[in-house]
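To start, the structure under review is shown below, and the notes come after it.
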Amino acid sequence: MAYWLMKSEPDVFSIDDLKARRVAEWDGVRNYQVRNLMRDDMAVGDLAFFYHSSCEVPGIVGIMKITKTGLVDPTALDPTHAQFDPKSDPQNPRWMMVEVRYQQHLRPMIPLERLKREQRALGDLWVLRPGNRLSIVPVSSAQWHKILSFTP
DNA sequence: GCCAACGTTGGC
DNA sequence: GCCAACGTTGGC
């Protein structure tokens, strides 16, 4: 089983939105590295941190589980959708998504600032790499458990 | 709103 | 295949 960290802007889709809906499709990914991670490396049953980005206090706010993989992202094929990609062939869709299910909030949340402070203990955490802009990044088992130990 | 760090695009 | 211009991400 693998672990992940998945970013979302809370103004767009927050952990509270996910809790209210229980499951959600992680659509809108338009980055090939991230698509390849979802397509090739994610598996049903994997766990992921829900990370709030571009907000007042960025950081990890909860946990979700991957419940479906290999789904075609319909927003890429819908000309009326903001995320429409005219270059995606409906016969051979290039953008994929996964389905996630809410597991729990982490209270208190674990701010990015805390992760930075714990960098020595965490080692090479992808989300702390300078210039990292991938919206989904892998987390090692050791890092996952270390981060969980930061919250009661 | 600024800016650094990328990824993507398109002319050549 | 190079590379400049442009767009996006995301912390601050």
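Everything numeric in this text was worked out from a predicted model, so none of it was measured.
- In this structure, E9(A) atom CD and dT9(C) atom P are separated by 7 Å, rounded to whole Å.
- Put simply, the side chain of S54(A) never gets that close to the backbone of E9(A): no donor and acceptor are under 3.5 Å apart.
- Here the P atom of nucleotide dG10(C) and the CD1 atom of I60(A) are 14 Å apart, to the nearest Å.
- Side chain of T67(A) to backbone of E99(A): a donor-acceptor contact under 3.5 angstrom is found.
- Look at K7(A) and you'll find a side-chain N or O under 4.0 angstrom from OP1 or OP2 of dG10(C).
- Per the geometry, OH belonging to Y51(A) stands 8 Å off P belonging to dG10(C), to the nearest Å.
- Within the structure, every side-chain polar atom (N or O) of Y32(A) is placed at least 4.0 Å from both OP1 and OP2 of dC6(B).
- Look at CG on L5(A): it is 15 Å from C1' on dT9(C), rounded to the nearest Å.
- For the pair R30(A) CZ and dT9(B) P, the interatomic distance rounds to 12 Å; values are reported in whole Å.
- Using modelled atom types, one finds no donor on one side chain facing an acceptor on the other under 3.5 Å when comparing T151(A) with R114(A).
- Atom CZ of R133(A) is separated from atom P of dC3(B) by 17 Å (rounded to the nearest Å).
- At the heavy-atom level, S54(A) lies under 4.0 Å from base atoms of the strands shown.
- Straight-line distance from the CZ atom of R129(A) to the P atom of dG10(C): 15 Å, rounded to whole Å.
- The nucleotide whose nearest atom lies closest to any side-chain atom of K116(A) is, among dC12(C), dT8(C), dG10(C), dC12(C).
- As judged by a 4.0 angstrom heavy-atom cut-off over every strand, Q33(A) is placed among residues touching the sugar-phosphate backbone only.
- Counted by atom type alone, Y102(A) and R21(A) present zero donor-acceptor pairs between their side chains at under 3.5 Å.
- As a whole-Å value, the separation of I136(A) CD1 from dG7(B) P is 16 Å.
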